[in-house]
Number of protein chains: 2
Amino acid sequence: MNGFQRNTRQRQVILEELQRAASHPTAVGLFGLVRRRLPKISLGTVYRNLELLVRMGAVQKLEFDGEARFDGNVERHDHLRCVGCGRVDDLFGPPLDLLGGESDDLCGYEILGHRLEFFGLCPACRRRRNSGGGNGATAAPTEES
Amino acid sequence: MNGFQRNTRQRQVILEELQRAASHPTAVGLFGLVRRRLPKISLGTVYRNLELLVRMGAVQKLEFDGEARFDGNVERHDHLRCVGCGRVDDLFGPPLDLLGGESDDLCGYEILGHRLEFFGLCPACRRRRNSGGGNGATAAPTEES
DNA sequence: GTAAGTGCAAATGTTTTGCCAGGTC
DNA sequence: GACCTGGCAAAACATTTGCACTTAC
């Protein structure tokens with residue numbers, strides 16, 4: 001809990017490679033890219049720095065098909081994923097129109113469907129936060145009853 | 001590759017419990033629920049049947065926070081996830097309006113953001129499918145270049 | 001000099017798989 | 001009886017973590 005971190009070469013290269021990559025690499029994929037420049041870097045370091053960069057707001061963590069993918073572009077945008085080859089493309093601009101008509105052809109993709117997820121604080125967690133508590137993020141998960 | 005499967009008690013119970021569960025259990029969570037009725041069932045069986053039920057279109061596979069979650073409701077709907085406790089609620093009705101205003105309060109949730117993802121076939125995979133080929137789903141992933 | 005950060009390896013957690021026994025048609 | 005399935009345990013992955021050494025500040 002301090003907020004200050006050092007500017008290491010590893011972190012720098014990780015961020016650079018992620019921002020350069022057109023694809024949305026997984027941690028392991030990015031590890032491969034970074035290793036070309038820093039052959040001794042370890043996978044653990046990549047994971048640790050990605051987590052840090054996400055918390056700093058410098059990169060965005062996505063999630064496709066069970067594995068985490070990272071996006072060096074923090075601008076608000078959506079994604080197009082190919083179910084054939086796994087490729088993920090960016091989609092800028094308001095998706096509202098698209099959602100409405102669910103146009104069959106978007107950026108050359110043949111669209112099969114979409115997934116929309118909102119995230120935030122549920123009523124219980126809002127109460128928990130407001131009423132003293134102090135315990136913010138680490139409440140006991142409300143799992144199946 | 002047959003298309004027909006037997007109707008086993010395990011599969012039946014798994015589907016029932018999933019449809020009954022208000023939450024969107026993970027495979028392991030569902031395993032716990034099912035085990036109350038079938039104490040000898042194994043986790044592998046739960047996974048195998050879930051995969052089968054997804055392919056049959058009887059259940060929906062979601063994905064939150066790195067783990068797969070399953071939804072017994074196949075109707076088209078979206079989701080609300082609490083970043084505090086991990087709870088996932090259903091959200092029916094057209095989300096278009098919601099997306100537009102990004103109303104701060106949705107079903108009692110304090111909305112912090114959303115994620116929208118389209119999926120389909122990318123241009124390359126469409127071509128690959130149309131031109132002879134036959135090889136449909138298992139093309140080489142277009143990973144980082 | 002010192003604490004944050006790294007590399008390495010072992011640990012963790014989730015999902016998949018091989019194999020054989022058992023149930024279903 | 002053939003063949004789909006289930007149970008079990010091991011394997012395969014992705015990700016996290018403990019620890020001693022390095023390094024940015």
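These numbers come from the heavy atoms of this one structure, side chains and all, not from hydrogens, waters or symmetry mates. Everything numeric in this text was worked out from a predicted model, so none of it was measured. So you know, we letter chains A, B, ... as the sequences are listed, proteins then strands, and number each from 1.
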Task: No-H, no-angle donor-acceptor pair, Arg6(A) side chain to dT23(D) base, under 3.5 Å - done: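 Result: at least one qualifying N/O pair found.
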
From [atom1] of [X] over to [atom2] of [N], roughly how many Å is that when rounded to an integer?
X        : N       : atom1 : atom2 : result
Leu43(B) : dT16(C) : CG    : P     : 10 Å
Arg37(B) : dG6(D)  : CZ    : P     : 15 Å
Phe31(B) : dG6(D)  : CZ    : C1'   : 12 Å
Arg35(B) : dC8(D)  : CZ    : C1'   : 13 Å
Asp65(B) : dT16(D) : CG    : C1'   : 14 Å
Glu63(A) : dA14(D) : CD    : C1'   : 12 Å
Leu38(A) : dT23(D) : CG    : P     : 13 Å
Arg11(A) : dC25(D) : CZ    : P     : 10 Å

Open item on the list: Rounded to the nearest 0.5 Å, what separates atom CG in Leu116(A) from atom CG in Asp78(B)?
Closed with: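 Reported value, rounded in 0.5 Å steps: 4.0 Å.
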
TODO: May I ask you to check whether His24(A) and Asp90(A) show a side-chain donor-acceptor distance below 3.5 Å?
DONE: yes

- [ ] Start with the C-alpha gap between Arg81(B) and His114(B), add the side-chain angles, then the distance that decides, and say whether side-chain hydrogen bond (donor to acceptor under 3.5 Å, both in side chains) holds.
- [x] CA-CA 10 Å; Arg81(B) 176 166 56 93; His114(B) 68 264; over 6 Å; no

Task: Residue pairs, two or more places apart or on separate chains, that pass ring-ring contact (aromatic ring centres under 6.0 Å, His included) and touch residues 44-66 of chain B - done: Phe64(B)-His79(B)

Less than 4.0 angstrom from a charged side-chain N to a carboxylate O is my criterion; do [X] and [Y] meet it?
X        : Y        : value
Arg69(A) : Asp71(A) : no
Arg9(A)  : Glu16(A) : no
Glu51(A) : Arg48(A) : no

Open item on the list: Check the phosphate of dG7(D) against Gln10(B), side-chain N and O only, distance under 4.0 Å to OP1 or OP2. Yes or no?
Closed with: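 Yes, Gln10(B) has a side-chain N/O under 4.0 Å of OP1/OP2 on dG7(D).
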
Task: Side-chain N,O (Ser42(A)) to OP1/OP2 (dT6(C)) below 4.0 Å - done: no

- [ ] Could you list by number each residue of residues 46-62 of chain B showing a heavy-atom separation from DNA chain C of less than 4.0 Å, or answer none if no residue does?
- [x] Tyr47(B), Arg48(B)

Open item on the list: Could you see if Leu33(A) belongs to whatever hydrophobic cluster contains Val54(A)? Use Ile, Leu, Val, Met, Phe, Trp, Tyr and a side-chain cutoff under 4.5 Å.
Closed with: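 Yes, one cluster joins them.
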
Task: 5' precedence on DNA chain C between Glu67(B) and Thr8(B) (nearest-nucleotide basis) - done: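 This one resolves to Glu67(B).
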
- [ ] Could you check Ala68(B) against Arg9(B) and say which one's nearest nucleotide on DNA chain C is further toward the 5' end?
- [x] Ala68(B)

Open item on the list: Whether the side chain of Glu63(B) engages the backbone of Gly66(A) through a donor-acceptor N/O pair (distance < 3.5 Å, no angle test) should be reported.
Closed with: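 Side chain of Glu63(B) to backbone of Gly66(A): a pair is present.
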
Open item on the list: Classify Ile41(A) by what it touches in the nucleic acid, base, sugar-phosphate, or nothing, heavy-atom distance under 4.0 Å.
Closed with: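 Counting heavy atoms under 4.0 Å across all strands, the contact made by Ile41(A) is with sugar-phosphate only.
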
Open item on the list: Please report the end-to-end axis angle for the helix from dG1(C)-dC25(D) to dC25(C)-dG1(D), five pairs per end, rounded to 10 degrees.
Closed with: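 Result, rounded to 10 degrees: 30°.
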
